[in-house]
Amino acid sequence: MGRAGRWRGGGGRWSWRRGRAAASAAAAAAVLLVRPGLLPDLPGRPGSLVEAFLPWLGLSVPLLAAWAVLRRSRSAACAAALPALAWTAAFGAFLLPRAEQPADLRAVQHNVADDNTDPAGTARALARTGADLIAVEELTPEAAPVFTTALRADYPHHAAAGTVALWSRYPLADPRPVDIRPAGAGEGWNRGLRATARTPHGDIAVHVAHLPSVRLGPLRGFDAARRDESAVLLGRALAAEPLDRVVLLGDLNATVDDRGLAPVVRRTGRPARDFAFSWPAALPAARIDHVLARGAEVTRIRTLAPTGSDHLPVAADIRF
């Protein structure tokens with residue numbers, strides 16, 4: 001074999017000198033898994049994009065290991081263990097079995113999709129969950145009465161604002177819209193709702209929100225400006241909430257790792273350690289549908305069976 005052939009295959013012997021690029025890539029992946037915030041907010045928002053799909057960085061481990069084998073590099077092989085350890089530290093607990101804990105409150109969150117061709121079936125599926133609270137987004141005027149009819153028997157208490165709505169087993173007091181409109185949104189753009197649920201555990205402020213969608217394109221990169229602006233407004237509303245116990249349900253178009261959602265997560269806290277990827281329904285890759293809480297703990301979150309929406313419903317157990 002000639003010299004060029006030895007280079008392509010990495011030679012027959014393993015070496016510590018080869019594979020510096022592979023080792024550097026492995027170290028970078030490990031750092032991103034542990035501290036994704038170190039990636040600066042450059043134009044195109046690569047930091048927010050990486051954070052949105054952070055668990056999937058674990059796929060770099062087998063690729064880096066294969067690269068190390070191809071180069072016959074001991075240094076690259078050792079470095080490939082770094083992202084594996086980092087992923088385990090960040091997400092390994094998500095895979096561990098946990099003892100079932102009793103829930104004080106169960107909540108379901110679902111973006112039902114404004115082009116849903118089976119709103120009646122979707123509403124019946126949500127009714128069968130047995131949750132105490134059901135929040136939906138992208139509820140059209142045509143689908144609203146269908147949902148009300150399907151949910152009325154078990155969820156007699158209802159509040160709505162724009163395209164978001166809440167059904168409850170418990171009385172709802174003081175329902176009102178919450179203004180989370182980004183700049184340029186018209187007066188009819190209403191995707192925020194707040195109500196007080198009178199539960200056996202006391203009054204709970206329930207917020208329902210649908211933050212603007214993000215866009216990924218070749219010119220603007222990861223465009224999340226409107227979503228981030230709306231997240232700031234939602235964070236302010238949560239900060240001004242007078243009740244100690246708060247539950248937020250919504251399609252926030254961001255994961256809890258995404259720095260764009262920081263104004264909200266700071267006011268609620270992170271949920272249970274579960275993946276529960278909710279979007280897209282055909283091949284779930286990220287959880288952008290959330291149940292977050294303050295003055296309470298979200299002990300478990302999971303996805304439910306598909307409906308006529310491009311999102312999966314998520315169900316959460318909450319303890320006070």
| note | Looking only at heavy atoms, the pair that brings Ala76 and Gly19 closest together is CB-O, 3.7 Å
| query | Nearest 0.5 Å, what's the OG1-CZ distance between Thr199 and Arg245? | reply | 7.0 Å
| said: Would a single hydrophobic cluster contain both Leu252 and Val178, if residues Ile, Leu, Val, Met, Phe, Trp and Tyr are joined by side-chain heavy-atom contacts under 4.5 Å? | reply: yes
| Of the non-hydrogen atoms in Ala84 and Val61, which two are nearest, and what is the gap between them? | N-CG2, 3.6 Å
| request: In sequence, state the C-alpha distance, the side-chain angles, and the governing distance for Arg270 and Asp257, and then conclude on salt bridge (charged side-chain N to carboxylate O under 4.0 Å, His left out). | output: CA-CA 9 Å; Arg270 299 172 73 90; Asp257 295 304; 2.9 Å; yes
| task | Give, for atom CG of Asp289 and atom CD of Gln109, the distance between the pair rounded to the nearest 0.5 Å. | result | 5.0 Å
| message | Using side-chain heavy atoms (C-beta onward) and a distance below 4.5 Å, is Arg181 in contact with Glu187? | response | yes
| Are the side chain of Trp87 and the backbone of Gly92 linked by a donor-acceptor contact shorter than 3.5 Å? | no
| said: Between Trp56 and Phe275, is there shared hydrophobic-cluster membership here, with clusters defined by ILVMFWY side-chain heavy atoms closer than 4.5 Å? | reply: yes
| said: Using a 3.5 Å distance criterion without hydrogens, assess whether the side chain of Ser230 forms a donor-acceptor pair with backbone atoms of Ile180. | reply: yes
| said: Between Arg302 and Asp317, does the side chain to side chain contact (heavy atoms under 4.5 Å, CB included) criterion hold? Intermediate values first, please. | reply: CA-CA 9 Å; Arg302 59 202 180 278; Asp317 294 346; 3.6 Å; yes
| message | Would you say Thr163 and His210 are linked by a side-chain donor-acceptor pair, where the criterion is simply a distance under 3.5 Å? | response | no
| Are Phe147 and Tyr155 grouped together when hydrophobic residues (ILVMFWY) are joined by side-chain heavy atoms under 4.5 angstrom apart? | yes
| said: Under the criterion side chain to side chain contact (heavy atoms under 4.5 Å, CB included), I'd like the reasoning laid out for Asp258 against Phe53: C-alpha separation, chi angles, the key distance, then a yes or no. | reply: CA-CA 9 Å; Asp258 190 326; Phe53 300 99; over 6 Å; no
| request: Before accepting this row, confirm whether a basic side-chain N of the pair Arg236/Asp179 lies closer than 4.0 Å to the acidic partner's carboxylate O. | output: no
| Leu292 vs Val256 side-chain heavy atoms within contact, under 4.5 Å | yes
| Just wondering, are more than 12 heavy atoms of other shown residues or ligands nearer than 6.0 Å to CG in Asp114? | yes
| remark: For Gly47 and Leu39, the nearest pair of non-hydrogen atoms, with its separation, is CA-CD2, 3.5 Å
| message | I'd like to know if the side chain of Asp132 and the backbone of Arg106 have a donor-acceptor N/O pair within less than 3.5 Å. | response | yes
| message | Checking Asp41 against Arg259 for the side chain to side chain contact (heavy atoms under 4.5 Å, CB included) test, could you report, in this order, the C-alpha distance in whole Å, the side-chain angles of both residues, the deciding distance, and whether it holds? | response | CA-CA 10 Å; Asp41 256 337; Arg259 67 192 68 184; 3.5 Å; yes
| task | Please name the pair of heavy atoms, one in Phe320 and one in Ala296, separated by the smallest distance, quoted to 0.1 Å. | result | CD2-CB, 3.4 Å
| said: Quick check: do Phe277 and Pro55 have side-chain heavy atoms less than 4.5 Å from each other? | reply: yes
| query | With a distance cut-off below 6.0 Å to the six-membered ring centre and an angular limit of 45° from the axis, does Arg215 pair with Phe222 as a cation-pi contact? | reply | no
| field | Inter-residue atom distance Ile301.CD1 - Arg287.CZ, 0.5 Å rounding | value | 4.5 Å
| said: Donor-acceptor check, side chain of Thr255 to backbone of Glu51, threshold 3.5 angstrom: yes or no? | reply: yes
| said: Please find the pair of heavy atoms, one from Pro200 and one from Tyr170, that lie closest to each other, and give the distance. | reply: CD-CE2, 3.5 Å
| query | Can you find a side-chain donor-acceptor pair between Arg194 and Thr196 that sits under 3.5 Å? | reply | yes
| query | What are the two closest heavy atoms between Ile204 and Leu243, and how far apart are they? | reply | C-CD1, 4.0 Å
| request: Taking Thr149 for its side chain and Pro145 for its backbone only, find out whether a donor-acceptor pair lies under 3.5 Å. | output: yes
| said: For Leu211, is there any backbone N or O sitting under 3.5 Å from a side-chain donor or acceptor partner on Asn253? | reply: yes
| Is there a path of hydrophobic side-chain contacts, each under 4.5 Å between heavy atoms of I, L, V, M, F, W or Y residues, that connects Leu33 with Phe94? | yes
| request: Answer yes or no: is there a donor N or O on one side and an acceptor on the other, between the side chain of Glu138 and the main chain of Val112, under 3.5 Å? | output: no
| Does Leu238 offer a backbone N or O that forms a donor-acceptor pair with the side chain of Arg294 under 3.5 Å? | yes
| field | Main-chain N/O of Arg18 paired to Ser73 side chain as donor or acceptor, under 3.5 Å | value | yes
| task | Verify, without hydrogens or angle tests, whether Arg169 (side chain) and Ala131 (backbone) share a donor-acceptor contact under 3.5 angstrom. | result | yes
| query | After noting the C-alpha distance and the side-chain angles of His207 and Glu241, does the key distance pass the side chain to side chain contact (heavy atoms under 4.5 Å, CB included) rule? | reply | CA-CA 10 Å; His207 288 250; Glu241 176 56 58; 3.0 Å; yes
| query | Nearest 0.5 Å, what's the CG-CG distance between Leu166 and Leu249? | reply | 7.0 Å
| Beyond-backbone contact of Leu312 with Leu304, side-chain heavy atoms, under 4.5 angstrom | no
| message | What's the separation between atom CD1 in Ile288 and atom CG in Asp251, rounded to the nearest 0.5 Å? | response | 4.5 Å
| query | Below 4.5 Å, heavy atoms only, C-beta onward: do Val291 and Leu133 meet side chain to side chain? | reply | no
| remark: OG (Ser15) and CZ (Arg72) are apart, to the nearest 0.5 Å, by 12.0 Å
| query | If two hydrophobic side chains count as joined below 4.5 Å and joins carry through other members, does Leu82 share a cluster with Val50? | reply | no
| task | Using a 4.5 Å cut-off on heavy atoms from C-beta on, say whether the side chain of Trp167 contacts that of Leu126. | result | no
| Between the side chains of Glu137 and His311, does any donor sit under 3.5 Å from an acceptor? | no
| said: Do Leu57 and Pro83 make a side-chain contact, defined as non-hydrogen atoms from C-beta onward lying under 4.5 Å apart? | reply: no
| field | Beyond-backbone contact of Thr122 with Val136, side-chain heavy atoms, under 4.5 angstrom | value | no
